[in-house]
Amino acid sequence: MSDRKIYADATAALEGILKDGMTLMSGGFGLCGIPETLIDAVKASGVKGLTVISNNAGVDGIGLGVLLESKQISTMISSYVGENKMFAEQYLNGDLEVVFTPQGTLSEQIRAGGAGIPAFFTKTGVGTLVAEGKEVRNFDGEDYVMERGLTADVALVHAYMADKEGNLVFRKTARNFNPMMATAGRITVAEVEHLVEPGEIDPDHIVVPGIYVQRIVHVPNPVKHIEQRTTRPRKQVA
Amino acid sequence: MAWTREQMAQRAAQELEDGFYVNLGIGIPTLVSNYIPEGMEIQLQSENGMLGMGPFPYEGEEDADLINAGKQTVTELPTTSYFSNADSFAMIRGGHINLSILGAMQVAQNGDLANWMIPGKMVKGMGGAMDLVAGVKKVIVVMEHTAKGDPKLLKSCNLPLTGKGVVDMVITDMAVFEFDKSGETPRMKLIELADGVALEDVKAATEAEFEVAV
């Protein structure tokens, strides 16, 4: 197996594919399973006017928060963005446009986009602000709103493990938006914690087939962040 | 006298049934997991992409890759499965989840729910709430009966809606209401008073019109 999909570092993995005004997808839920090293490399590239599709917007100083800080994002398509002071500021003063999208609609838009489906109907959001200006159609006595599929110029994803073909495996809830985004990027770049030879991952366990992954960067032992550290007391031994 | 947050959660737990798949929102709804009756099998769904959610981890055992939809660290169980967010909402939208318990800012007498935005204030987003109320078989709202003395149970919501006619039951610190959806428009019915709360107290604290069936 050649190393044609393997890049030495995040900067090399993004070489030649970033441009001002492009649409970027970024995987993760909160700070869980975000392609943090790639996001930092996007910042370093200085590319601006980005439309970013991501469930959340990071926090100040971590994840997409760094791209907000540097004002490289002009539009966010997200379901929830509560954890970010920088975000609030830019949103309230009009520097940042936000398209609030119900979480399940967002993930289905991305899944549909990757699967070549330009639009679909969902009952989510019927009769709310979300449905304004969109086609509503009645099926079997119930109203549904039409939502468009979403694709991106580049999708940035995080995976637990990849082989050199780009077959991806995820760990626990760090899977979240990463598999759909991998399918919806015209170029998908994966940052992976473990990189192995083809054949080392049981083909039955592969979640994202390598056809969706064009570039891979190996980031061993990444720092992972916890937003809400919740614990329970250990049972006291009498 | 009225119910505490714990008592409200305890009352909501009475709506659980053996074998239910349940999604719990943030706040009081989360407390419901403390009152699952002994011997009852309930699988909790976390919409980021997990079914069979366990309790918070012991200190020192937190895993950054294992969080719930509130971004809190949780644990897995022998029944746990992980899946993508699209699969998670297929489960929700497809009507496979039996029960969703969530908070609200306002509920109207026709079952409309508002819980995601206050115009003029910083909007954080709806997260998965619109999908949950549209797709889950039964939707229970658990909330304080009033906000700073103002009724939250209204004739119609004046905040932007999360869902239209989606609420099946409301549990507040003062009472329990059910929505009868057999007719053209849902009808709100008072079915239970909290300990030490009189019907007159509930009427005084409620703008919505409701039938009394206690």
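Every chain is numbered from 1, with letters handed out A, B, ... down the list of sequences. The figures that follow rest on heavy atoms only: side chains count, while hydrogens, waters and symmetry mates do not.
Side-chain N or O atoms of A:R234 include none that pairs as donor or acceptor with a backbone N or O of B:Y58 at under 3.5 Å. Side chain of B:D131 to main chain of A:T105: a donor-acceptor pair is present (N/O by atom type, distance under 3.5 Å, no hydrogens or angles). In terms of modelled atom types and a separation under 3.5 Å, the side chain of A:R232 and the main chain of B:P57 share no donor-acceptor contact. Proximity of a side-chain donor or acceptor of A:R229 to a complementary backbone N or O of B:Q72 within less than 3.5 Å is not detected.
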Could you go step by step and tell me if B:M122 and A:Y91 meet the side chain to side chain contact (heavy atoms under 4.5 Å, CB included) rule? CA-CA 8 Å; B:M122 174 62 195; A:Y91 174 60; 3.7 Å; yes

Checking side chain to side chain contact (heavy atoms under 4.5 Å, CB included) for the pair B:E62/A:T231: CA distance, chi angles, key distance, verdict? CA-CA 7 Å; B:E62 308 92 319; A:T231 58; 3.4 Å; yes

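Enclosure of atom CD1 in A:I117 by more than 12 non-hydrogen atoms of other residues, nucleotides or ligands within 6.0 angstrom is indicated. Applying the 6.0 Å contact sphere to OH of A:Y212 captures no more than 12 heavy atoms from other residues, nucleotides or ligands. More than 12 heavy atoms of other shown residues, nucleotides or ligands fall within 6.0 angstrom of atom CD in B:E61. Atom OH of B:Y21 sits in a sparse spot, with 12 or fewer heavy atoms from other residues, nucleotides or ligands closer than 6.0 Å. Under a cut-off of 6.0 angstrom, the local environment of NZ in A:K85 is sparse, with at most 12 non-hydrogen atoms contributed by other residues, nucleotides or ligands. Crowding of B:E6 atom CD: a count of heavy atoms from other residues, nucleotides or ligands under 6.0 Å exceeding 12.
The candidate with the highest count of non-hydrogen atom pairs below 4.5 Å against chain A, out of B:S84, B:P55, B:A90, B:G128, is B:S84. When each of B:A134, B:G127, B:A64 is scored by its heavy-atom pairs under 4.5 Å with chain A, the top score falls to B:G127. Counting heavy-atom pairs closer than 4.5 Å to chain B, the top-ranked of the candidates A:P102, A:G125, A:G127 is A:P102. Of the listed residues B:G135, B:A69, B:G163, B:A129, the one with more heavy-atom pairs under 4.5 angstrom with chain A than any other is B:A69. Contact count versus chain B (heavy atoms, under 4.5 Å) is highest, among A:A57, A:A174, A:G33, A:C32, for A:C32.
A donor-acceptor contact closer than 3.5 angstrom links the side chains of A:Q103 and B:N85.
Here the straight-line distance linking atom OG of A:S79 with atom CH2 of B:W116 works out to 10.5 Å at 0.5 Å rounding. To the nearest 0.5 Å, atom CG of residue B:D65 and atom OH of residue A:Y160 are 8.5 Å apart. B:N68 CG to A:T173 OG1: the interatomic distance, rounded to the nearest 0.5 Å, is 8.5 Å. Within the model, atoms CE of B:M50 and CG of A:N176 stand 13.0 Å from one another, a figure rounded to the nearest 0.5 Å. To the nearest 0.5 Å, the span separating NZ on B:K124 from CZ on A:F100 amounts to 10.5 Å. Remark: B:M126 CE to A:Y80 OH distance equals 12.0 Å, nearest 0.5 Å.
At a 4.5 Å heavy-atom cutoff, A:S78 makes no contact with chain B through either its backbone or its side chain. Residue A:F29 touches chain B through both its backbone and its side chain, counting heavy-atom pairs closer than 4.5 Å. Neither the backbone nor the side chain of B:A114 comes within contact range of chain A; no heavy atoms are under 4.5 Å apart. In this structure, the portions of B:I67 lying under 4.5 Å from any heavy atom of chain A include both its backbone and its side chain. Of the atoms belonging to B:T162, it is backbone heavy atoms, and not side-chain ones, that fall under 4.5 Å from chain A. With a 4.5 angstrom heavy-atom cutoff, A:N55 does not touch chain B via any of its atoms. Neither the backbone nor the side chain of B:V166 comes within contact range of chain A, judged by heavy atoms closer than 4.5 Å. For chain A, the nearby parts of B:E47 are the backbone and the side chain; heavy atoms of each come within less than 4.5 Å.
Salt-bridge annotation for B:D87 and A:R111: absent, with no side-chain N of the basic residue lying under 4.0 Å from a carboxylate O of the acidic one.
In this structure, A:R175 fails the cation-pi test against B:F83, since its NZ or CZ atom is not both closer than 6.0 Å to the six-membered ring centre and inside 45 degrees of the ring normal.
Applying a 4.5 Å heavy-atom cutoff, the residues of residues 128-151 of chain A that approach chain B are A:T128, A:L129, A:V130.
Smallest separation of non-hydrogen atoms from A:E227 and B:K71: OE2-CG, 3.7 Å.
The only member of A:K172, A:R171, A:K224 that meets side-chain hydrogen bond (donor to acceptor under 3.5 Å, both in side chains) when paired with B:D63 is A:R171.
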